[in-house]
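Okay, structure first, notes after.
As a basis for the values below, the full set of heavy atoms in this structure was taken, side chains included, without hydrogen atoms, waters or symmetry mates.
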Amino acid sequence: MQSLTSENAPSAPASGSRPRSILHVRVGGVPTACLNREELALQMVEDCLAARNDPDLPAKLVYTSNAHGISLAATDENFRRALAEADLIHADGGVIVAASRLLTPHRIPERSATTDFIHDAAAAAAREGLSFYLLGAPEEINAAAARKLEELYPGIRIVGRRHGYFSEADEEAICAEISASGADVVWIGLGKPKEQIFCLRNRHRIKAGWIATSGGCFHFLSGDYKRAPKWMCDNGLEWLHRMVTRPRQLGWRYMVTNPHALYLLATRTGGTVYL
């Protein structure tokens, strides 16, 4: 991946070449795409069709940014290296959008939480004939998430799925299975930082258009986790709902990473980059 400043950004590519670079702004030190959810879904379609037409194109790595990720990027070298290889990072957290509006020259239009965006992606995939592979979560959660997508988006093709309990020694065979499935979009739901490090380690083994991290998205799709009320989501408080409803899993994490992330947002936000 080559990072470019706004002054030497490339023009749109000719037809049939690598899809165009995407404007990102640095928020908390992490480059984050200036795309809304509709634009993100359109980008997915463009990238996946380009990968179908050119077998030499590597899969694009698509990650998310939120307060937890910003804090991890500053403290975990392996996670930071994985982020540096991303082709696209989108704003999973509302605080990322707010910071961009206050402190960067280009606003991120809206939050694109994966729990919302996967529905935009599924609708676009059903419409355009793209296929998904789901990797992660316990078997019953993974299976239920696949069923839910098929129920909500008739015509969508889930060409493969697998639970997220495996060792590094299993990864070569898993990646071969994913590539053989012909999936256009591979959703990796292993949680930060494991899913990003998995992507970095296995990108060369997977033939697809997108390899996209999705955190706990399969749990929300299946109904195992409940979303916060809309007013909390709209006001950047979904993290609080998660902390209150899952205190043993998330309480300590939010208490530690949120203050650190706020500091990083205040001190490492600003500037643009093309990925």
Side-chain angles (χ1 to χ4, degrees), residues 1-5 8-24 30-65 81-90 112 114 117-118 120-136 156-162 171-190 195-214 272-275:
M1 178 191 71
Q2 181 183 17
S3 296
L4 304 172
T5 65
N8 64 352
S11 58
S15 176
S17 65
R18 183 70 177 177
R20 65 184 178 277
S21 296
I22 299 166
L23 174 66
H24 289 60
V30 176
T32 311
C34 293
L35 297 175
N36 61 31
R37 285 167 48 189
E38 180 181 6
E39 291 166 337
L40 190 59
L42 290 173
Q43 187 68 46
M44 178 194 75
V45 171
E46 178 182 332
D47 292 339
C48 290
L49 293 180
R52 282 186 181 181
N53 293 330
D54 185 349
D56 293 328
L57 281 181
K60 273 197 169 184
L61 298 185
V62 180
Y63 298 158
T64 64
S65 181
R81 284 198 310 110
L83 279 188
E85 293 301 315
D87 295 286
L88 194 161
I89 302 174
H90 62 96
S112 50
T114 310
F117 173 65
I118 197 167
D120 306 314
R127 184 175 65 248
E128 301 292 340
L130 302 183
S131 58
F132 286 178
Y133 189 106
L134 311 183
L135 176 65
I156 193 170
R157 294 190 298 129
I158 310 294
V159 293
R161 60 171 195 83
R162 191 190 191 283
E171 290 179 1
E172 184 174 359
I174 291 169
C175 292
E177 176 186 312
I178 293 171
S179 295
S181 75
D184 295 295
V185 182
V186 184
W187 298 96
I188 311 292
L190 303 175
E195 59 193 17
Q196 287 79 12
I197 294 170
F198 171 91
C199 291
L200 179 63
R201 191 163 56 230
N202 292 293
R203 178 184 198 174
H204 67 287
R205 293 171 167 169
I206 296 175
K207 176 58 184 172
W210 266 23
I211 305 173
T213 58
S214 57
T272 61
V273 63
Y274 280 80
L275 301 186

Backbone N/O of Ala82 and side chain of Glu85: donor-acceptor pair under 3.5 Å: no

Value rounded to 0.5 Å, distance of CD in Gln196 from OG1 in Thr64: 6.5 Å

Phe117 CZ to Asn36 CG distance, which is reported to the nearest 0.5 Å: 10.5 Å

CG-OG distance between Asp87 and Ser21, expressed to the nearest 0.5 angstrom: 9.5 Å

Backbone of Val30 reached by a side-chain donor or acceptor of Thr32 within 3.5 Å: yes

Side-chain donor or acceptor of His24 paired with backbone N/O of Ile89 under 3.5 Å: yes

Separation between CZ of Arg162 and CD1 of Ile174, rounded to the nearest 0.5 Å: 4.0 Å

Smallest separation among heavy atoms of Ala59 and Ile206, with atom names: CB-O, 4.1 Å

Separation of Leu134 CG from Ile158 CD1 (nearest 0.5 Å): 5.0 Å

Heavy-atom donor-acceptor pair, Ser179 side chain to Arg205 backbone, under 3.5 Å: yes

Evaluation steps, salt bridge (Lys or Arg N to Asp or Glu O under 4.0 Å), between Glu171 and Arg201: CA-CA 9 Å; Glu171 290 179 1; Arg201 191 163 56 230; 2.7 Å; yes

Least distance between heavy atoms, Met44 atom then Ala124 atom: CE-CB, 4.1 Å

Phe198 side chain near Leu135 side chain, heavy-atom distance below 4.5 Å: yes

Where Ala51 and Ala208 come nearest, the two heavy atoms and their spacing: CB-O, 3.8 Å

Check: Lys207 side chain, Ala176 main-chain N or O, donor-acceptor pair, under 3.5 Å: no

Parallel, tilted or perpendicular, as decided by the 30° and 60° cut-offs, for the rings of Phe132 and Trp187: perpendicular

Flag, side chain of Asp54 to backbone of Ala50, donor-acceptor distance under 3.5 Å: no

Nearest heavy-atom neighbours spanning Lys60 and Asp47: CD-OD2, 3.1 Å

Reference residue Ser112; test side chain to side chain donor-acceptor pair (under 3.5 Å); the match among Arg37, His90, Glu39: His90

Any Leu88 side-chain heavy atom under 4.5 Å of Leu35 side chain: yes

Least distance between heavy atoms, Tyr133 atom then Ser181 atom: CD1-OG, 3.8 Å

Validation row: Asp120, Glu38 side chains within 4.5 angstrom (heavy atoms): no

Point-to-point distance, once rounded to the nearest 0.5 Å, from CD1 of Ile211 to SG of Cys199: 6.0 Å

Close side-chain approach of Leu275 and Ile22, heavy atoms under 4.5 Å: no

Main-chain N/O of Asp184 paired with Ser131 side-chain donor or acceptor, under 3.5 Å: yes

Closest contact, heavy atoms only, Glu195 versus Ile188: OE1-O, 2.9 Å

